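Inspection log for the structure reproduced underneath, given as structure tokens.
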2 protein chains.
Amino acid sequence: MAELKSIVNPLFLRDEDLRQGIELLFFAYRDFTARGDAILAKQHFGRAHHRVIYFVGRHPGIRVSALLDILGITKQSLSRVLSQLVREDYIVQKTGTSDRRQRLLHLTEKGRALEHELTSEQQTRLAAAYKDAGAVAVEGFRKVMLGAMDMGSRKHFQTSEK
Amino acid sequence: MAELKSIVNPLFLRDEDLRQGIELLFFAYRDFTARGDAILAKQHFGRAHHRVIYFVGRHPGIRVSALLDILGITKQSLSRVLSQLVREDYIVQKTGTSDRRQRLLHLTEKGRALEHELTSEQQTRLAAAYKDAGAVAVEGFRKVMLGAMDMGSRKHFQTSEK
DNA sequence: GTATTATGTCAATGATGCTGACATATTATA
DNA sequence: TATAATATGTCAGCATCATTGACATAATAC
């Protein structure tokens, strides 16, 4: 039986170890997003709004197409959420100067405030986890997370490695 | 400006480092679940079905209430998914012997097959990430993930630490 | 001047979650 | 024994978030 599992999994990682990894991801991600979800619910927003606000805050002036790339959703899905955020004055769209077809996205003051409320909660949580785990652990966390994601996603982290 | 950020974040972790951590979680989780989602879509199932199948497979004979605890959803939400899985012969409910109110959940052969298809994909992905990162990194990953989740979730990992 | 690009919108559909209300066994307790 | 609590299930309604497909407009590229 143990032999069988070793054949199935030739890296000598036990089925149990890998299942634990799967579950670590599940519980950590769920808990990590739960508080934000609660904050957003008060504004009648959902996690999708959070993601848009986060990445627009992270990349001021981002093009709609680039945001779609990052989020990995369709423009129709983004449309409803983005229109809402623009309508309710969390995000402004500025026509691109070099290419006037573009609608470059920026947070408003109101948007920045919400972004900060959401992000700082997650940063606090992560900072505590980092502090408890230590610098070596954080580097290990980074390596495993990068390895677990698709090649295409890793490019988002390459520039920050310089 | 840098001073200000240090006050906000007294652990001497830069805003940038913590944002990167947030994004590592976002991209890794998204990519980690994407393949499974695609497999499930063929069966007209979603991620919720995956989670139920996974945890029933992990804890054969689990009570409905315990499953609800793990998933962190309401019984009404579980009901739709679970009924479907029972109706389509992926899961069987066996009346508890000591307490006949309980409906103890088990995978059928069909359920085990789907569970294996879904889980082994994620295990393969994680095994590759673990191998590339190395044992020290894996331990760091574990520490950070445990620290990022709620206290209540950590108990799911305590028994496996013995 | 035509093709492509960037963006937006309408409509229909499905998955996943929620609250609230109510129902049925079964077990525990006063 | 009568009543309360527990374990589970179900119905109805609602919101969010995603999809596909079709079509539209403005601006840029060839």
Side-chain angles (χ1 to χ4, degrees), chain A residues 26 29-30 33-34 36-56 61-88 91-106, chain B residues 26 29-30 33-34 36-56 61-88 91-106:
Chain A
F26 168 70
Y29 188 81
R30 192 191 64 179
T33 52
D37 290 353
I39 293 169
L40 289 154
K42 290 186 289 186
Q43 261 95 359
H44 303 284
F45 288 157
R47 200 177 292 174
H49 299 84
H50 184 181
R51 292 196 283 254
V52 170
I53 284 180
Y54 178 86
F55 283 111
V56 171
I62 191 174
R63 285 177 298 125
V64 171
S65 55
L67 183 57
L68 287 174
D69 253 21
I70 288 175
L71 298 175
I73 59 174
T74 60
K75 63 175 177 176
Q76 295 93 325
S77 296
L78 175 61
S79 173
R80 190 175 352 125
V81 172
L82 185 55
S83 317
Q84 252 179 298
L85 290 170
V86 169
R87 202 180 317 123
E88 301 188 25
I91 284 178
V92 283
Q93 295 166 302
K94 299 183 183 172
T95 300
T97 49
S98 64
D99 186 337
R100 291 169 42 78
R101 289 171 302 183
Q102 297 173 348
R103 299 282 172 273
L104 308 182
L105 306 174
H106 300 263
Chain B
F26 169 70
Y29 188 80
R30 192 191 65 178
T33 52
D37 289 353
I39 293 169
L40 288 153
K42 289 186 290 187
Q43 262 94 1
H44 304 284
F45 288 157
R47 202 177 290 175
H49 299 82
H50 184 180
R51 292 196 281 254
V52 170
I53 285 180
Y54 178 85
F55 283 110
V56 171
I62 191 173
R63 285 177 299 125
V64 171
S65 55
L67 184 55
L68 287 174
D69 253 23
I70 289 175
L71 297 175
I73 59 175
T74 61
K75 64 176 176 174
Q76 294 94 325
S77 296
L78 175 61
S79 173
R80 196 179 351 172
V81 172
L82 185 56
S83 319
Q84 253 179 298
L85 290 170
V86 169
R87 201 180 317 122
E88 300 187 27
I91 285 178
V92 282
Q93 295 166 302
K94 299 183 183 172
T95 300
T97 49
S98 64
D99 187 337
R100 291 171 42 80
R101 289 172 302 183
Q102 298 173 346
R103 299 283 171 272
L104 308 181
L105 305 175
H106 300 263

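Order of the sequence lines fixes the chain letters, A, B, ..., with proteins taken first and strands second; residue numbering starts at 1 for each chain. Just so it is clear, the model here is predicted, and its values are computed rather than measured. Worth knowing before you read on, the calculation uses all heavy atoms, side chains too, and leaves out hydrogens, waters and symmetry mates.
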Side chains of A/H106 and A/K94, heavy atoms from C-beta outward: is any pair under 4.5 Å? yes

Between D/dT16 (C1') and A/L40 (CG): distance, integer Å: 12 Å

B/S79 side-chain N/O to D/dT10 phosphate OP1/OP2 under 4.0 Å: yes

Check nucleotides 24-30 of chain C for protein N or O atoms closer than 3.5 Å to its own N or O atoms and list the pairs.
| residue | atom | partner | partner atom | Å |
| --- | --- | --- | --- | --- |
| C/dT26 | OP1 | B/R100 | NH2 | 3.1 |
| C/dT26 | O2 | B/R101 | NH1 | 3.3 |
| C/dT27 | OP1 | B/R100 | N | 2.8 |

Heavy-atom donor-acceptor pair, A/S83 side chain to A/S79 backbone, under 3.5 Å: yes

What is the distance, to the nearest angstrom, from the CD atom on B/Q43 to the P atom on C/dG14? 17 Å

Whole angstrom is fine here: how far is it from CG in B/L68 over to C1' in D/dT8? 9 Å

Nearest 0.5 Å, what's the CD-CG distance between A/Q76 and A/L78? 10.0 Å

Classify the nucleic acid contact of B/Q93 as base, sugar-phosphate or nothing, counting any heavy atom under 4.0 Å across all strands shown. sugar-phosphate

Could you tell me how far apart B/Q84 (CD) and D/dG9 (C1') are, to the nearest whole angstrom? 15 Å

What are the two closest non-hydrogen atoms of B/Q93 and B/L105, and how far apart are they? CG-CD2, 3.5 Å

Distance check needed: C/dA6 P versus A/I62 CD1, whole Å only. 14 Å

Yes or no on side chain to side chain contact (heavy atoms under 4.5 Å, CB included) for A/I91 and A/L82, after CA distance, side-chain angles and deciding distance? CA-CA 8 Å; A/I91 284 178; A/L82 185 55; 4.1 Å; yes

Identify each donor-acceptor pair in which a side-chain atom of residues 47-56 of chain A lies under 3.5 Å from a protein atom, sequence neighbours left out, and give them as a table.
| residue | atom | partner | partner atom | Å |
| --- | --- | --- | --- | --- |
| A/R47 | NE | A/D37 | OD1 | 3.2 |
| A/R47 | NE | A/D37 | OD2 | 3.3 |
| A/R47 | NH2 | A/T33 | OG1 | 3.3 |
| A/R47 | NH2 | A/D37 | OD2 | 2.6 |
| A/H49 | ND1 | A/G46 | N | 2.8 |
| A/H49 | NE2 | A/Q84 | OE1 | 3.1 |
| A/Y54 | OH | B/R19 | O | 3.4 |
| A/Y54 | OH | B/E23 | OE2 | 2.5 |

Just the table, please: protein N/O against nucleotides 17-20 of chain C N/O, every pair under 3.5 Å.
| residue | atom | partner | partner atom | Å |
| --- | --- | --- | --- | --- |
| C/dG17 | OP1 | B/R51 | NH2 | 2.4 |
| C/dG17 | N7 | B/R80 | NH2 | 2.9 |
| C/dC18 | OP2 | B/T74 | N | 2.9 |
| C/dC18 | OP2 | B/T74 | OG1 | 2.9 |
| C/dC18 | OP2 | B/S77 | OG | 2.6 |
| C/dG20 | N7 | B/Q76 | NE2 | 3.3 |
| C/dG20 | O6 | B/Q76 | NE2 | 2.9 |

Between A/V86 and A/V92, is the side chain to side chain contact (heavy atoms under 4.5 Å, CB included) condition met? List the steps. CA-CA 6 Å; A/V86 169; A/V92 283; over 6 Å; no

NE2 of B/H50 versus C1' of C/dT16: gap in Å, rounded? 16 Å

Between A/R30 and B/L71, is there a donor-acceptor pair closer than 3.5 Å when you use the side chain of the first and the backbone of the second? yes

Length of the CZ-C1' vector between B/R87 and D/dG9, whole Å: 13 Å

Between B/F26 and A/I70, the two heavy atoms sitting closest are CE2-O, 3.9 Å

Without decimals, in angstroms, what is the distance between B/I91 CD1 and D/dG9 P? 11 Å

Does a side-chain N or O of B/S83 approach OP1 or OP2 of D/dT10 to a distance below 4.0 Å, or not? yes

